[in-house]
There are 2 protein chains.
Amino acid sequence: MNTDATPTRTRLLNAALGIVREQGYEATTVDELCAAAGVSKGAFFHHFASKEALAVAAAEHWNAVTSALFANAPYHLLDDPLDQLVAYIDFRAALLDGRSIPEATCYLGTMVQETYGSHPVIREACFAGIAGHARTIEEIIRAAKARHAPQASWSAEGLALHTQAVLQGAFVLAKAKNDLNLARESILHLRRYIELLFHYAKED
Amino acid sequence: MNTDATPTRTRLLNAALGIVREQGYEATTVDELCAAAGVSKGAFFHHFASKEALAVAAAEHWNAVTSALFANAPYHLLDDPLDQLVAYIDFRAALLDGRSIPEATCYLGTMVQETYGSHPVIREACFAGIAGHARTIEEIIRAAKARHAPQASWSAEGLALHTQAVLQGAFVLAKAKNDLNLARESILHLRRYIELLFHYAKED
DNA sequence: AGTTGCGTACCAACTGGTTGGTATTTCGTC
DNA sequence: GACGAAATACCAACCAGTTGGTACGCAACT
């Protein structure tokens, strides 16, 4: 086994991202994770003190993977921060294309609903990840607000968190209907909200 | 035991609504449910064929409880459907007051994330509940649209589902931060979106 | 160069406790 | 005494985590 070049630890983290998004945290067994990573149980507990510790490490891994994805996304190239914001939302919608539901949805949002009470460590890792990503959007919103709506009563921080809430909610509905199109439509509503907030002229 | 007047079956259903919203479906054990309901395990399996069957029955129970709550809510008394819609959103925000996170959040949305792949029966029950409630909002939106924005490009159905997505997402974020105020803020953004869509004049 | 010592990575088998579910018995009421 | 509701006792399967051990690289010492 382990003919793959990626180190065992990373293989387990990636397996966690996949299986937990499919089944949730509690329903995912350590044996399943080991099997998916092609690794023995001894190796698992060599790298991670507990299943909970893996979940936390996987959250950090998720943050690393997704921040790289967003850092290289095209919306940063636009000049106007408002254009960037709208392009970010379109980018989030585009991320659904050609993906299955577990592939398209968020590892953090999936886990936090079932762990927020019983596993505070996981909950905090989830919030840190979501809030961290929101902060990058907050900066874009802050710049857009300064240029286009300096008098607006809403805060950049609140709107940034709201964008994440809409995305998470879109994932919940998509899973309930087993259909990602539901998520697409909610993201479109989010886009329209931003446009209305900024009196943004649609070009399409 | 069982000095309570409510029948065993209902006690188990109510216990499920509480504990599952706290811990999620998989982390909730049958023994826990029995203990919370003050009922033996034999009684549990006398009333429900399986844990999964209880979850589905509890979803229907949740629908019954919440539809009664919304049916009696004050927003129905308003004349203008747009006023009703805005009042509905305010009502949803008011439902957070004085409640803990498990009390304030949605049984269906909590469960569906971890069961949508492995328990299709539960997933369908969750979607049926959410979609059913959305349909009542859809009617209000349809009337409001006919009166105030007949030309609008969005559909009543889509917007109704979006309102539910925002609420579900607000719950996810609130759980992640362990703070219901996050949900309040997102619901406020949803209110503003509706106002902007309808060019609704704020009176407050 | 050989080998000794040691830390890291990994493995297969096992354990103690828990879980959903069952078999059987008892209770309550018509 | 019949019949459904509820209690007790129990089981096989499963789970997170442990154990005791192997393989291997690397450095130090001879």
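Per chain, numbering begins at 1; letters A, B, ... match sequence-line order. None of these values were measured; they are calculated from a predicted model.
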Participant: Of all residues at least two apart in sequence or in a different chain, which pass the side-chain contact (heavy atoms from CB on, under 4.5 Å) check with B/Asn63?
Facilitator: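 B/Asn63: side-chain contact (heavy atoms from CB on, under 4.5 Å) contacts with B/Leu108.
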
Participant: Mark yes when over 12 heavy atoms from residues, nucleotides or ligands other than B/Asp97 sit less than 6.0 Å from its CG; otherwise mark no.
Facilitator: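 Atom CG in B/Asp97 is packed in, count exceeds 12.
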
Participant: According to side chain to side chain donor-acceptor pair (under 3.5 Å), who are the partners of A/Glu185, at least two apart in sequence or on a separate chain?
Facilitator: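 Applying side chain to side chain donor-acceptor pair (under 3.5 Å) to A/Glu185 gives none.
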
Participant: Taking ring pair (Phe, Tyr, Trp, His ring centres under 6.0 Å) as the test, write out the residues that go with A/Tyr75, two or more places apart.
Facilitator: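 With sequence neighbours excluded, A/Tyr75 shows a ring pair (Phe, Tyr, Trp, His ring centres under 6.0 Å) to A/Tyr88, A/Phe91, given in chain and number order.
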
Participant: Taking side chain to side chain donor-acceptor pair (under 3.5 Å) as the test, write out the residues that go with B/Glu60, two or more places apart.
Facilitator: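 Side chain to side chain donor-acceptor pair (under 3.5 Å) check on B/Glu60 returns nothing, list empty.
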
Participant: So if I apply the side-chain contact (heavy atoms from CB on, under 4.5 Å) rule between A/Phe171 and each of A/Val166, A/Leu96, A/Leu182, which one comes out positive?
Facilitator: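 Running side-chain contact (heavy atoms from CB on, under 4.5 Å) over A/Val166, A/Leu96, A/Leu182 with A/Phe171 returns exactly one hit, A/Leu96.
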
Participant: Can you list everything that forms a side chain to side chain donor-acceptor pair (under 3.5 Å) with A/His47? Sequence neighbours excluded, please.
Facilitator: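 Per chain and number, A/His47 pairs via side chain to side chain donor-acceptor pair (under 3.5 Å) with no residue.
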
Participant: Are there any protein N/O atoms within less than 3.5 Å of an N/O atom in nucleotides 25-29 of chain C, and if so, which ones and at what distance?
Facilitator:
none

Participant: For A/Tyr116, what residues pass the ring pair (Phe, Tyr, Trp, His ring centres under 6.0 Å) criterion, not counting sequence neighbours?
Facilitator: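 Scan of A/Tyr116 (ring pair (Phe, Tyr, Trp, His ring centres under 6.0 Å), adjacent residues dropped) gives none.
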
Participant: Report, one pair per line, the protein and nucleotides 12-19 of chain D atoms (nitrogen or oxygen only) whose separation is under 3.5 Å.
Facilitator:
from	atom 1	to	atom 2	distance (Å)
D/dA16	OP1	A/Lys51	NZ	3.2
D/dA16	OP2	A/Val30	N	2.9
D/dA16	N7	A/Lys41	NZ	2.8
D/dG17	OP2	A/Lys51	N	2.9
D/dG17	N7	A/Lys41	NZ	3.4
D/dG17	O6	A/Lys41	NZ	2.9

Participant: Can you tell me if B/His47 touches the phosphate of D/dA6, counting only side-chain N or O atoms and a distance under 4.0 Å to OP1 or OP2?
Facilitator: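 Yes, such a contact exists.
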
Participant: Closest approach to the side chain of B/His46, judged atom by atom: which nucleotide of D/dA7, D/dA6, C/dC11 is it?
Facilitator: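 Closest nucleotide among those given: D/dA6.
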
Participant: Between atom NE2 in B/His119 and atom P in C/dG20, what is the gap in whole Å?
Facilitator: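 For the pair B/His119 NE2 and C/dG20 P, the rounded distance is 11 Å.
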
Participant: Starting at CG of B/Leu54 and ending at P of C/dG20, how long is that distance when rounded to a whole Å?
Facilitator: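 The distance from CG of B/Leu54 to P of C/dG20 comes to 11 Å, rounded to the nearest Å.
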
Participant: Using the side-chain contact (heavy atoms from CB on, under 4.5 Å) criterion, which residues pair with A/Gln84? Sequence neighbours excluded.
Facilitator: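 Once residues adjacent in sequence are excluded, the partners of A/Gln84 under the side-chain contact (heavy atoms from CB on, under 4.5 Å) criterion are A/Leu78, A/Ile140.
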
Participant: Please name all residues satisfying salt bridge (Lys or Arg N to Asp or Glu O under 4.0 Å) with B/Asp83, sequence neighbours left out, ordered by chain then number.
Facilitator: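 With sequence neighbours excluded, B/Asp83 shows a salt bridge (Lys or Arg N to Asp or Glu O under 4.0 Å) to no residue whatsoever.
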
Participant: Side chain of A/Ser40 only, please: which of C/dC11, D/dA7, C/dA9 is the nearest?
Facilitator: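 It is C/dC11.
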
Participant: Go ahead and write out DNA chain D as dot-bracket, 5' to 3': ( ) for pairs within the strand, [ ] for ones crossing earlier pairs, | when the partner sits on another strand, dots for unpaired; Watson-Crick or G-U wobble, both distances under 3.5 Å.
Facilitator: ||||||||||||||||||||||||||||||

Participant: Applying salt bridge (Lys or Arg N to Asp or Glu O under 4.0 Å), can you list everything that pairs with A/Glu138, at least two apart in sequence or on another chain?
Facilitator: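 So A/Glu138 forms a salt bridge (Lys or Arg N to Asp or Glu O under 4.0 Å) with A/Arg142.
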
Participant: Rounded off to whole Å, could you give me the CZ-to-P distance for the A/Arg11 and C/dA9 pair?
Facilitator: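 Distance check: A/Arg11 CZ to C/dA9 P gives 15 Å.
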
